[in-house]
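Report on the structure given below.
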Amino acid sequence: MSEPQLWDAVDDYFTAHLSPDDEALVAALRDSEAAELPHIAVTAPQGKLLQLLAQIQGARTILEIGTLGGYSTIWLARALPADGRLVTLEYSPRHAEVATRNIARAGLGQLVEVRVGPALESLPQLADENPAPFDLVFIDADKGNNPHYVEWALKLTSAGSLIVLDNVVRGGRVADADSTAPDVQGTRTALELIGSHPRLTGTAIQTVGGKGYDGFALARVLG
C-alpha cells in the first residue's frame with residue numbers, strides 16, 4: 001500500500017467512527033460532483049474539526065471566505081445556535097447556486113447567507129454594514145489573496161475570535177522562499193502576517209489524508 005493509499009484508508013476509518021457523512025452531506029458532495037465543481041472540498045474529518053472549533057468557540061456568527069458547494073458551510077452552520085448567522089462568500093455564481101441548494105436541503109437556509117462575487121469586493125460591502133464581530137472566520141479561497149483575507153478577517157473580528165486558514169502547506173512548497181507561484185507567495189505572506197501582527201497569535205499544522213499532504217493555520221485575535 002502506498003503512502004497516499006494508507007492516508008486514504010486512515011481517513012476512511014476516522015470518518016466511519018468519528019465524522020460519518022449523513023444524507024445532507026453526501027448529497028452536497030454528490031451534487032457538487034454532478035455540477036463538475038472542483039474536487040477541493042474539505043474531507044469529513046476536516047469538516048468535523050471545523051464544527052468542533054466553532055462549538056469550542058461558542059460561535060454565534062461565522063464568516064466563510066470560499067463556499068464552493070457548501071460542504072464545509074454545512075459543517076460550520078451546524079455548530080450555530082438557532083439564532084446564529086453564517087455569511088459565506090463565493091466568487092462563482094454557478095458554485096453559489098449549487099451551494100445554496102445544498103444548504104437549503106440540509107435545513108440551514110435560515111442561518112446561512114451566500115453572497116456572490118469577488119470576496120475582495122464583498123468584504124468591504126460587508127464591513128460597511130457594521131456587523132457584530134464574527135466569532136470564527138474560515139478562509140478557503142484563492143490562495144494568492146490570503147494576506148488580504150487575513151487583514152479583512154481582523155477588521156471583522158474582535159478579541160477572542162478565531163481565524164482558520166486552510167491549505168497552507170501547498171504540498172510542501174510553502175517552505176520554498178524562492179517560489180514565485182501566487183498561491184505559495186500569498187500563503188507565505190499570510191503566515192508571516194499572522195506571526196508578526198501584534199493582534200494575532202497563531203500556529204500552523206501539517207496534515208496528510210484524503211486531500212494529500214497539506215495543512216492549516218489557526219490564529220486567535222488578541223485585541
Side-chain angles (χ1 to χ4, degrees), residues 4-5 7-55 59 61-82 84-123 126 134 136-143 145-146 149 164-167 183 207-212 214 216:
Q5 289 173 326
W7 300 341
D8 285 344
V10 173
D11 248 11
D12 289 344
Y13 171 74
F14 288 163
T15 297
H17 292 278
L18 301 173
S19 51
D21 282 328
D22 56 31
E23 182 178 347
L25 290 167
V26 169
L29 292 176
R30 182 193 64 226
D31 286 7
S32 295
E33 183 174 2
E36 299 183 345
L37 272 60
H39 292 183
I40 55 175
V42 301
T43 63
Q46 291 166 346
K48 184 64 174 290
L49 174 62
L50 290 171
Q51 185 182 87
L52 288 171
L53 288 172
Q55 290 170 332
T61 55
I62 296 174
L63 172 63
E64 179 181 50
I65 304 175
T67 315
L68 195 62
Y71 184 76
S72 57
T73 317
I74 293 170
W75 280 107
L76 285 165
R78 286 176 170 176
L80 289 171
R85 181 191 188 203
L86 190 156
V87 177
T88 183
L89 310 180
E90 174 53 47
Y91 174 81
S92 166
R94 186 166 65 88
H95 295 181
E97 182 180 353
V98 174
T100 300
R101 290 198 303 268
N102 288 335
I103 292 162
R105 181 173 48 219
L108 299 165
Q110 75 283 3
L111 295 176
V112 178
E113 178 186 0
V114 181
R115 298 195 178 191
V116 184
L120 292 180
E121 295 179 7
S122 299
L123 287 163
L126 178 61
F134 288 96
L136 185 148
V137 180
F138 178 47
I139 301 171
D140 189 14
D142 54 310
K143 310 309 175 185
N145 280 316
N146 274 340
Y149 297 146
V164 184
L165 180 64
D166 203 11
N167 307 128
D183 64 323
T207 63
V208 296
K211 298 299 180 182
D214 210 331
F216 61 92

Rounded to the nearest 0.5 angstrom, the CD-OH distance for E121 and Y91 is 9.0 Å
Report yes if the side chains of D142 and Y149 come closer than 4.5 Å at any heavy-atom pair, otherwise no. yes
With L76 as partner, the option from L86, L63, L53 fulfilling side chain to side chain contact (heavy atoms under 4.5 Å, CB included) is L86
For H17, all residues meeting ring-ring contact (aromatic ring centres under 6.0 Å, His included), sequence neighbours excluded: Y13
Would you mind listing every salt bridge (Lys or Arg N to Asp or Glu O under 4.0 Å) that reaches into residues 38-51, with sequence neighbours excluded? none
Per side chain to side chain contact (heavy atoms under 4.5 Å, CB included), D140 is matched among V42, I65, I40 by V42
Can D22 and R78 be said to form a side-chain contact (heavy atoms from CB on, under 4.5 Å), step by step? CA-CA 12 Å; D22 56 31; R78 286 176 170 176; 2.7 Å; yes
By side chain to side chain donor-acceptor pair (under 3.5 Å) - contacts of Q5 (at least two apart): S2
Where do A59 and P81 come nearest, in terms of heavy atoms and distance? O-CD, 3.5 Å
Please enumerate all residues that pass side chain to side chain donor-acceptor pair (under 3.5 Å) together with T67, with sequence neighbours excluded. T88
Within this structure, what is the CG-CG distance for the pair L18 and L49, rounded to the nearest 0.5 Å? 12.0 Å
According to salt bridge (Lys or Arg N to Asp or Glu O under 4.0 Å), who are the partners of E113, at least two apart in sequence or on a separate chain? R85, R115
Rounding to 0.5 Å, atoms OG1 (T100) and CD (E90) come to a distance of 9.5 Å
Applying side-chain contact (heavy atoms from CB on, under 4.5 Å) to L29 and not counting sequence neighbours gives D21, A41, Y71
Has the side chain of Q51 got a donor or acceptor atom that lies under 3.5 Å from a matching backbone atom of W75? yes
Would you check if T15 and T43 make a side-chain contact, meaning some heavy-atom pair closer than 4.5 Å? no
With D11 via side chain to side chain donor-acceptor pair (under 3.5 Å) - residues at least two apart: none
Contacts of type side-chain contact (heavy atoms from CB on, under 4.5 Å), residue L37, not counting sequence neighbours: S32, A35, L68, R94, H95, V98
Rounded at 0.5 Å granularity, tell me how far CG in L50 sits from CG in L136. 7.5 Å
Going by the rule side-chain contact (heavy atoms from CB on, under 4.5 Å), which residues pair with V208 if we only count those two or more places apart in sequence or in a different chain? W7, Y213
Does D183 use its side chain to pair, donor to acceptor, with the backbone of K143 at less than 3.5 Å? no
Approximate separation, where rounding is to 0.5 Å, of L111 CG and L80 CG: 6.0 Å
Heavy atoms only: give me the nearest L108-A77 pair and the separation to one decimal. CD1-CB, 3.8 Å
Between V116 and S92, the two heavy atoms sitting closest are CG1-C, 4.3 Å
Residues passing the salt bridge (Lys or Arg N to Asp or Glu O under 4.0 Å) test with D166, sequence neighbours excluded, are none
Of all the heavy-atom pairs spanning A28 and I74, show the shortest one and how long it is. CB-CD1, 4.0 Å
Sub-4.5 Å side-chain heavy-atom contact between T207 and F216: yes
If the condition is side-chain contact (heavy atoms from CB on, under 4.5 Å), which residues does S122 pass it with, not counting sequence neighbours? L89
Who are the salt bridge (Lys or Arg N to Asp or Glu O under 4.0 Å) partners of D31, not counting sequence neighbours? R105
